[in-house]
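Notes follow the structure.
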There are 4 protein chains.
Amino acid sequence: MKRSIDSQVRNHDLVSQRRDDIVQAAIRVFRANGFHEATTRMIAREANVTQSNLYNYVRTKGDILYLVCEHLVGLYEEGLAKVLEQHADPHARLIGGLRAILAIMLQHKDELVLLYNETHALAKDDRRQILKSVSRLNGAFQRLIAEYEAAVGPLAVSNRRVAANLMTFVPAIVALRWWDLSTHARWDEIEDQIFAFVLNGIGVSPKTG
Amino acid sequence: MKRSIDSQVRNHDLVSQRRDDIVQAAIRVFRANGFHEATTRMIAREANVTQSNLYNYVRTKGDILYLVCEHLVGLYEEGLAKVLEQHADPHARLIGGLRAILAIMLQHKDELVLLYNETHALAKDDRRQILKSVSRLNGAFQRLIAEYEAAVGPLAVSNRRVAANLMTFVPAIVALRWWDLSTHARWDEIEDQIFAFVLNGIGVSPKTG
Amino acid sequence: MKRSIDSQVRNHDLVSQRRDDIVQAAIRVFRANGFHEATTRMIAREANVTQSNLYNYVRTKGDILYLVCEHLVGLYEEGLAKVLEQHADPHARLIGGLRAILAIMLQHKDELVLLYNETHALAKDDRRQILKSVSRLNGAFQRLIAEYEAAVGPLAVSNRRVAANLMTFVPAIVALRWWDLSTHARWDEIEDQIFAFVLNGIGVSPKTG
Amino acid sequence: MKRSIDSQVRNHDLVSQRRDDIVQAAIRVFRANGFHEATTRMIAREANVTQSNLYNYVRTKGDILYLVCEHLVGLYEEGLAKVLEQHADPHARLIGGLRAILAIMLQHKDELVLLYNETHALAKDDRRQILKSVSRLNGAFQRLIAEYEAAVGPLAVSNRRVAANLMTFVPAIVALRWWDLSTHARWDEIEDQIFAFVLNGIGVSPKTG
DNA sequence: AATGAATGAGACTTCATTCAT
DNA sequence: CATGAATGAAGTCTCATTCAT
């Protein structure tokens with residue numbers, strides 16, 4: 001499902017360890033400079049790797065961006081999966097899912113900006129791959145909604161895909177508008193109000209009962 | 001309020017005319033390639049200007065991006081102003097404002113993506129300038145909300161700035177998720193449901209009564 | 001017939017003038033270092049052009065090699081054409097052709113080595129193009145031979161294409177074995193003996209009569 | 001006489017066996033890519049050796065090219081020696097020598113191209129060494145000619161070194177023009193006609209009489 | 001006002017070679 | 001003897017920008 005990226009290095013553990021370093025380093029560098037202004041030298045330095053050794057773990061600068069984006073969408077997928085394991089009730093699952101997305105967004109807002117800012121710098125195929133992951137996330141929410149509606153009744157937003165997109169997109173406000181939100185509201189205020197806003201918007205009550 | 005951009009050319013009309021051409025050309029080029037992959041050659045060609053003459057109307061490539069972004073946020077500001085002229089009632093003004101943002105977003109979704117994708121490529125000061133415009137837009141909505149609450153009663157979202165941000169941000173889903181939305185819903189469906197979603201979310205009834 | 005090479009520069013005369021400079025410079029540099037060891041910096045310096053300006057007249061380093069090879073095969077073609085204008089008699093045309101090739105080879109032996117040494121460094125299509133020129137040269141000799149045989153009688157080498165190849169190839173000994181020939185024989189000795197060798201070989205008498 | 005090449009490895013048989021593998025591998029790789037485009041990785045892979053182990057049998061990439069060239073000129077020397085053992089008569093020895101060169105050229109045309117294409121990529125000293133071998137080959141033919149002239153009479157080509165060079169060079173047409181020859185003549189036709197051409201050229205009758 | 005040519009800085013990437021195990 | 005990982009040097013090319021006309 002993920003695109004595999006060739007490496008000159010055999011040792012699998014080493015590869016994934018170094019790639020982690022590279023991804024983390026790249027995130028820092030990309031945040032500070034953006035993908036295009038970032039140089040492979042910067043990334044290498046930040047990852048404690050020589051510039052040439054970098055290329056033993058990655059084939060191109062574009063690969064690094066892909067790795068970063070893959071990591072970032074992975075955050076959602078993991079976060080959502082973890083929550084869904086814990087709940088069986090459709091209502092709890094739906095609001096749990098939303099809570100998860102929102103929490104992840106808040107926790108990783110600095111990195112996740114990249115997912116919105118730099119996706120278009122991906123190579124075409126890489127981009128398709130990443131969008132497919134987002135699509136999958138939407139699909140997951142679409143199913144949660146379907147289950148909810150089957151159990152509880154219809155949402156206020158009739159098209160389930162639209163509703164799903166709203167649930168996965170609105171939390172991004174935290175990453176993309178933090179510069180404004182943070183100067184006018186407290187963290188918990190922001191989290192609670194956005195959470196409530198989305199539930200109200202799609203017509204779901206926050207509590208079971 | 002707007003940053004002024006130096007030009008070598010005296011003739012004022014010519015400057016603003018050419019700059020319009022340049023902005024429109026740049027929008028097309030940026031959409032196709034992104035700011036960084038776009039070259040001044042491309043932009044010049046698309047604008048029917050020689051590459052060197054371009055530099056009589058603009059000092060750097062960054063200036064072009066600034067002009068583009070300025071133009072794009074201007075779309076909001078104009079759109080909003082036009083609506084507010086027509087309504088005096090706080091409730092009508094609030095939902096009118098939302099309607100306007102959403103309509104503009106839908107109409108210009110292709111260009112407005114740039115505002116989300118390329119803002120971070122702006123020079124620091126230019127960026128601040130553009131964010132200030134967005135901030136101003138938020139301020140406008142904040143005031144609309146205050147007037148509404150004074151007249152009708154409190155919103156479901158208690159922090160007005162958060163509410164304002166939600167109203168100006170959520171419509172962007174249309175630009176940023178069109179690739180997914182458009183394959184699962186019709187245009188009018190999308191528009192109506194997002195509109196209703198936001199109103200529900202902040203706790204405003206769609207109709208005056 | 002020739003592959004055209006894009007240039008950023010409009011002025012046609014300037015382009016061809018600079019390209020001449022570049023070709024001459026490249027020949028010197030390639031002779032000293034070979035194509036692969038030669039850097040675009042060296043070529044540019046030798047041509048009195050900045051390294052970056054070089055790229056306004058040529059798209060890639062490979063283009064330069066193509067230009068060089070094209071120039072070199074051109075030497076044959078021109079040389080041959082000039083001679084053939086002057087003779088109508090089939091016998092005179094045939095030995096005149098051979099004389100021309102040999103003379104050109106001797107005169108330009110230093111450069112023409114490149115045609116044998118670096119052809120394989122050409123991009124596939126460029127290579128095809130250059131080989132086609134050589135093929136054309138062979139074709140020309142093939143026709144000269146046919147005319148000769150029609151007028152005088154059959155050659156000792158029965159396959160005309162083989163004979164043509166021998167006539168165009170053997171003179172290359174001068175370029176490829178100069179290091180040995182030059183230490184054991186005088187220039188005029190070399191020229192005369194190779195000329196006689198080829199004529200004897202294909203069975204043509206050196207003098208008309 | 002041959003330049004010796006250092007090796008880290010004591011076991012002599014292993015060294016020469018591996019070097020054979022390396023030479024054969026390198027020939028394949030060089031033919032496909034040329035010396036400069038060939039990487040030590042490719043060569044190592046083709047020779048079933050790790051890239052680093054390669055360096056236990058060879059000191060530099062240039063060494064490999066030298067070994068290849070040495071192997072290639074060796075083909076001539078062996079071929080010639082074998083023939084000369086069998087003939088005592090000066091005439092038979094001369095035409096036998098020519099036949100041998102031509103046969104080897106035809107048999108190994110694909111590899112021997114390298115000798116003409118890549119010699120200039122050799123390090124200066126290596127190159128000198130290889131040219132010395134070619135020179136030796138010319139010397140051998142020069143002696144064969146001297147013996148022939150002593151026994152039979154003067155050749156048509158008066159300078160013996162020039163004649164020797166022609167005898168060792170002309171057969172190379174087979175390697176360097178195969179792309180054209182092969183599409184216009186059959187193998188045996190090519191062989192016979194070139195053989196006859198050279199003998200005619202230098203003024204030797206093909207048969208003893 | 002407009003043009004065409006020129007420039008300098010720098011980025012990505014490749015590869016022969018070495019080192020530690 | 002053999003291996004896998006690491007390295008440093010270098011080269012091609014692009015592009016925003018300027019200059020002279």
Side-chain angles (χ1 to χ4, degrees), chain A residues 7-12 14-15 18 36-44 48-64, chain B residues 7-11 14-15 18 35-44 48-64, chain C residues 7-12 14-15 18 36-44 48-64, chain D residues 7-11 14-15 18 35-44 48-64:
Chain A
S7 159
Q8 302 288 8
V9 176
R10 249 82 155 189
N11 183 336
H12 241 61
L14 182 55
V15 170
R18 281 257 198 282
H36 280 101
E37 313 286 357
T39 71
T40 55
R41 229 211 271 296
M42 292 177 193
I43 299 170
N48 285 319
V49 177
T50 49
Q51 202 185 357
S52 40
N53 198 18
L54 190 65
Y55 281 84
N56 287 326
Y57 296 93
V58 136
R59 256 186 20 269
T60 102
K61 192 188 172 194
D63 278 357
I64 300 178
Chain B
S7 160
Q8 304 288 15
V9 177
R10 312 289 166 109
N11 182 337
L14 183 53
V15 170
R18 282 260 199 277
F35 172 71
H36 280 100
E37 315 285 358
T39 69
T40 55
R41 246 215 258 286
M42 293 178 196
I43 299 170
N48 287 318
V49 177
T50 53
Q51 203 184 352
S52 36
N53 198 18
L54 194 65
Y55 281 82
N56 285 325
Y57 297 94
V58 135
R59 252 186 24 268
T60 85
K61 190 187 171 194
D63 279 356
I64 300 178
Chain C
S7 159
Q8 301 289 7
V9 176
R10 248 85 156 187
N11 183 338
H12 242 61
L14 182 56
V15 170
R18 282 256 198 282
H36 280 100
E37 314 285 359
T39 70
T40 55
R41 229 211 271 298
M42 292 177 194
I43 299 170
N48 287 318
V49 177
T50 49
Q51 202 185 356
S52 39
N53 198 19
L54 190 64
Y55 281 84
N56 287 326
Y57 296 93
V58 135
R59 255 185 22 268
T60 103
K61 191 188 171 194
D63 279 357
I64 300 178
Chain D
S7 159
Q8 304 288 15
V9 177
R10 311 291 165 110
N11 183 336
L14 182 54
V15 170
R18 281 260 199 279
F35 172 71
H36 280 100
E37 314 285 357
T39 70
T40 55
R41 245 213 258 287
M42 293 178 195
I43 299 169
N48 287 318
V49 177
T50 54
Q51 204 184 352
S52 36
N53 198 18
L54 194 64
Y55 280 81
N56 285 324
Y57 298 94
V58 134
R59 253 185 25 268
T60 86
K61 190 188 171 193
D63 279 357
I64 300 177

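Only this structure's heavy atoms are used, side chains among them; waters, hydrogens and symmetry mates stay out. In what follows, chains are A, B, ... by sequence order, proteins preceding strands, each numbered from 1.
- Listed by chain and number, the residues in a salt bridge (charged side-chain N to carboxylate O under 4.0 Å, His left out) with D/R41 amount to none (sequence neighbours excluded).
- Each of D/V15 and A/V49 lies near DNA chain F, and the nucleotide nearest D/V15 is the one positioned closer to the 5' end.
- Listed nucleotides F/dA6, E/dT3, F/dG4 differ in distance to B/N56; the shortest reach to its side chain belongs to E/dT3.
- Under the side-chain hydrogen bond (donor to acceptor under 3.5 Å, both in side chains) criterion, D/E37 pairs with C/H36, sequence neighbours left out.
- Side-chain N/O atoms of C/N11 include none lying less than 4.0 angstrom from OP1 or OP2 on E/dG4.
- Looking at residues two or more places apart in sequence or on another chain, you find a ring-ring contact (aromatic ring centres under 6.0 Å, His included) between B/F35 and B/F30.
- Considering only residues two or more places apart in sequence or on other chains, D/S7 meets the side-chain hydrogen bond (donor to acceptor under 3.5 Å, both in side chains) condition with none of them.
- In this structure, the CG atom of A/L54 is 14 Å from the P atom of E/dA11, given to the nearest Å.
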Would you give a per-nucleotide map of nucleotides 16-21 of chain F, 5' to 3', where B means the base has a protein non-hydrogen atom under 4.0 Å away, S means only the sugar-phosphate does, and - means neither? SBB---

Output field dot_bracket for DNA chain F (Watson-Crick or G-U, both distances under 3.5 Å, | for other-strand pairs) contains .||||||||||||||||||||

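- Of the candidates E/dA1, F/dA6, E/dA2, the closest approach to any side-chain atom of B/Y57 belongs to E/dA2.
- B/N53 places no side-chain N or O within 3.5 Å of a backbone atom of B/V49 that could act as its donor or acceptor partner.
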